[in-house]
Number of protein chains: 2
Amino acid sequence: MNLKQLSELLGLSQTTVSRALNGYPEVNEATRERVLQAVKETGYRPNKAAQRLATGKAGSIGLVMPTAPGHQSDVHFGEFLAGLGEEAVRHDFHFVIMPADPDDEVAALRRLAISGNVDALFVAYMRGHDPRLAMLKSLSMPYVVHGRSFGSEPDYPFLDIDNEGAFYDATRLLLQLGHTRFALMNGPMHLDFAIRRRNGVMSALAERRLTLDEDCVSHALMTDEQGLLAMERFLQLPERPTAILCSSTVLALGAIRAVNQAGLRLGEDISLIAHDDVLPLLKPENFSVPLTTTRSSLRAAGARIAQRLIGTVKQAGPFPDQELWKTELIVRSSTGPAPQRS
Amino acid sequence: MNLKQLSELLGLSQTTVSRALNGYPEVNEATRERVLQAVKETGYRPNKAAQRLATGKAGSIGLVMPTAPGHQSDVHFGEFLAGLGEEAVRHDFHFVIMPADPDDEVAALRRLAISGNVDALFVAYMRGHDPRLAMLKSLSMPYVVHGRSFGSEPDYPFLDIDNEGAFYDATRLLLQLGHTRFALMNGPMHLDFAIRRRNGVMSALAERRLTLDEDCVSHALMTDEQGLLAMERFLQLPERPTAILCSSTVLALGAIRAVNQAGLRLGEDISLIAHDDVLPLLKPENFSVPLTTTRSSLRAAGARIAQRLIGTVKQAGPFPDQELWKTELIVRSSTGPAPQRS
DNA sequence: TGAAGCTGTCAAAGCGCTTTGAAATTTCCT
DNA sequence: AGGAAATTTCAAAGCGCTTTGACAGCTTCA
């Protein structure tokens, strides 16, 4: 069933039917009713590809999903998608996901943009000096970046959390508790958030003339296994750190296992603060020792970005171009005063 | 840059250029070279919407993502997507994801199919007597169901794991170890896999004239929090179960926390077998007490389904319509002989 | 009563691509 | 050399929708 058939059925022109459907004012209310009724009866749905071709609008947001055989999937991606979806479903938008090798991100993003399949782009997994930025600017298609790109001029639309501030505050809390030996369990080194979090830690330490030893930093995928491994390494250091900053509750999971296995007590021998993306499957308050965290909902960020993107496409008023969300520092039991030097 | 411009630039007709691009044999090799060269120089990309309109093929797989404010996102969804993506990227396919309220799945799926945006559908989160099945059959669009629908005639293309067999085997192992008091920590009751796993447990128990008490079954979202809560409930039962079957390693995470908090030892006081979807963020072998599991890679299932779907769209040979994958039962340390009756 | 202004409807063009069927050109065979 | 066959190219139609510009049919007002 297409427009033509429907209009023949009604004895109207395609024009009128189309207008009736799209809410144009110049069509008689009675006629519109009749059309709407027929749509219900026939189950007619406009062909999106044709609509897209005619209007240039597709009602969709494009994103690139990094994937490859052996490439670990990322919980954060799913959670973020849920946030995007929550908002998109309200506006009858959908997503076009282009899977791409992580090494091929720039090209994949360009393909997606040029394909004419999407109205706007969402970009994540930002790196330092990210090469996608230049391409996006040349594209004349709305986009929002989740995160930022360290080292690039911040002249693009983004939504980010204050990673540096979060880890600065967390570090200060631990300093106030008397800790002096710190370790950082971070995400992959090339990613922007990892760089900023590290900087946050370092600048808080610098204020006390402390430094972060190379041995006390781990950059790795954020899985519980990596958390376990990193923590085991830290614990074997001659000068064992007592304060751990951790880029994800998933990493913390493994880290805590290592702490337990070493016979140490969390919140006493070892203090730990993790960043909490508010993943529904892992609540910091339910850990056997509830976790002190810096918190910011990944899902909320997704919903907000979808809102901005869809709003821009629909030309529904201006949106702030750049948003920096503060994180909350929530103190629970995994942090405590530094143990007396043994 | 569109086809017309490109062909004018080359002094060829649109037909010839189109054919050259799409690998038709009736075009001179020299001409094809020239066209390919021009494409490189101009960066021309065909408009997908137009292609879709003309051919009826979109190069995309559609799926519905259940979402709503407050609706928990699901790790399994992301992992599955990674599997689909891994295969799709090889064939230059993409995904169209339609977010939809979980109560609106049937309608959302139909909208997606009729929109003309996708060539094939992937359907998950199957329920008992799933109403989507009838709709899919009426659709004349290829689809593959992940899972099955308990209570419906299995006359549709699917890929499923042998949930019943997995939990039957797991239960038998525990029976052989002398356990008699069982509990099952399952996913949401209406979902097909939950029904089958429960049946697997019950039929193994029935062979020994044992039953599964209502109090010893929990149906809930598969998060660590629900695992914790369910296990706490089980542990307070007057006749405490000693053998726990668990539908996910994520649930197991919480469950084990509860076991520890109760001062019980996993693998001694309590034996536990969990189903392992091979989520990259949670490896059963890294648990403080490595977990005995039934294993089947969700990601591999995703890749296989993508393969079938894409193959069907491209008419690349017939695929088996129905696949039932066996799971592996991997014994680690979380299972042990039943403790002596105290 | 006729010009002017609304309303509601329509025919047709156009979005960028593929594909059909025909035309132009080249190659082959007798 | 002459005609058939094969090769290469093309013009035009069509995919299903939106939108422009025109046109009837009614009101309205001087």
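Here the structure is a predicted model, which is why all the values come from computation and not from measurement. Residue numbers begin at 1 in each chain, while the letters A, B, ... track the order of the sequences.
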(message) Under 3.5 Å, is there a donor on one side chain and an acceptor on the other for A:Ser13 and A:Thr16?
(response)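 A pair is found: one side chain offers a donor N or O, the other an acceptor, under 3.5 Å apart.
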(message) Need one value for B:Gln51: base, sugar-phosphate or nothing, where a base atom within 4.0 Å counts as base even if backbone is also close, heavy atoms only.
(response)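 Result for B:Gln51 = sugar-phosphate.
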Is the gap between the ring centers of [X] and [Y] under 6.0 Å?
X: B:Phe80; Y: B:Phe122; answer: yes
X: A:His146; Y: A:Phe158; answer: no
X: B:Tyr143; Y: B:Tyr156; answer: no

Would you kindly give the [atom1]-to-[atom2] distance between [X] and [N], to the nearest whole Å?
X: B:Arg32; N: D:dT7; atom1: CZ; atom2: P; value: 14 Å
X: B:Lys48; N: D:dC15; atom1: NZ; atom2: C1'; value: 17 Å
X: A:Tyr24; N: D:dT19; atom1: OH; atom2: P; value: 4 Å
X: B:Leu53; N: C:dG16; atom1: CG; atom2: P; value: 12 Å
X: B:Arg19; N: D:dT8; atom1: CZ; atom2: C1'; value: 10 Å
X: A:Leu10; N: C:dT9; atom1: CG; atom2: C1'; value: 13 Å
X: B:Leu3; N: C:dG16; atom1: CG; atom2: P; value: 10 Å
X: A:Glu29; N: C:dG8; atom1: CD; atom2: P; value: 9 Å

Side-chain N,O ([X]) to OP1/OP2 ([N]) below 4.0 Å:
X: B:Gln14; N: D:dA11; result: no
X: A:Thr16; N: C:dT9; result: no
X: A:Asn2; N: D:dG16; result: yes
X: B:Thr31; N: D:dT8; result: no
X: B:Asn22; N: C:dT18; result: yes
X: A:Tyr44; N: D:dC17; result: yes

(message) So does A:Pro320 get a backbone contact from the side chain of A:Arg308, meaning a donor-acceptor N/O pair under 3.5 Å?
(response) yes
(message) With hydrogens left out and only the distance checked, is there a donor-acceptor pair under 3.5 Å joining B:Thr15's side chain and the base of C:dT19?
(response) yes
